[in-house]
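All figures in this text were calculated on a predicted structure; none of them were measured in a lab. Side-chain atoms are counted along with the backbone in the values below, which use heavy atoms only and exclude waters and symmetry mates. Just so you know, ligand 1 is whichever comes first in the structure, and atom 1 is the first atom listed for that ligand. The chain is numbered in sequence order, starting from 1.
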Amino acid sequence: MSPDITTRPIALVGLMGVGKTTVGRRLAKKLDREFFDSDDEIEQASGRTVAGYFRDHGEEAFREGERRVIERLLDGKPIILATGGGAFIPAKTRKILKATAVTIWLKGDFETIMERVSRKNTRPLLQVNNPRQKMRELMDVRYPIYKEAHIKVDIANGPHIRTVNRVVKALQAYEKKLVE
Ligand code: S3P
């Protein structure tokens with residue numbers, strides 16, 4: 001892959017359903033990097049599913065666990081990290097992510113996100129009477145915060161690989177700007 005791509009870890013942030021895990025895994029393959037998913041790591045470390053963790057310990061404890069896991073994973077190795085949709089929101093976790101990784105906000109449009117999240121019912125925050133309204137609320141609260149990521153990439157319609165290609169281009173442009 002291009003030598004211009006950063007050697008820092010790369011962290012994907014953004015709402016549920018934008019494809020952080022799939023895009024991250026393919027990006028890792030393309031850049032020949034190791035891939036991690038913070039939700040998977042929490043599940044492995046705790047022996048619980050994310051939904052089970054929320055149910056048993058609540059969101060606040062989940063955010064603590066999420067921060068610890070992210071801190072552990074971002075130890076300098078140039079990994080690709082897919083974060084859970086809320087990981088970038090608490091100031092402490094966001095600070096760690098921004099200081100140790102190049103952060104990329106994958107931004108999707110509302111209908112694409114809703115279509116994708118409706119395929120799985122494992123997400124605790126959407127176990128509500130009106131998931132569309134909940135998603136709109138999350139967008140309102142989180143978009144101004146996701147904006148703090150180093151790079152924003154609008155997800156492509158169609159196959160995830162198109163988004164992966166957009167991410168690679170955006171990373172190259174970002175690196176180029178840094179050296180100018
Ligand atoms: C969450 C998103 C989920 C998971 C948890 C909370 C959120 O990750 O971490 O359900 O707060 O948006 P995905 O974005 O991978 O679905």
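With sequence neighbours left out, Glu111 forms a salt bridge (charged side-chain N to carboxylate O under 4.0 Å, His left out) with Arg132. A search for side-chain contact (heavy atoms from CB on, under 4.5 Å) contacts involving Glu137 returns Gln133, Lys134, not counting sequence neighbours.
The contact shell of ligand 1, taken as protein residues with any non-hydrogen atom closer than 4.0 angstrom, comprises Met16, Lys20, Asp39, Val50, Phe54, Phe62, Arg63, Gly84, Gly85, Gly86, Arg123, Pro124, Leu125, Arg142.
Pairs engaging residues 10-51 under the ring pair (Phe, Tyr, Trp, His ring centres under 6.0 Å) rule: none recorded [sequence neighbours left out].
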Please test Leu125 against Glu59 for side-chain contact (heavy atoms from CB on, under 4.5 Å), starting from the C-alpha separation and ending with a verdict.
CA-CA 9 Å; Leu125 290 184; Glu59 181 169 353; 3.7 Å; yes
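Using the six-membered ring where Trp is involved, Phe62 and Phe54 have ring planes that are tilted, between 30° and 60° apart.
Geometric assessment of Arg142 against the ring of Phe88 yields a negative cation-pi assignment under the 6.0 Å and 45° thresholds.
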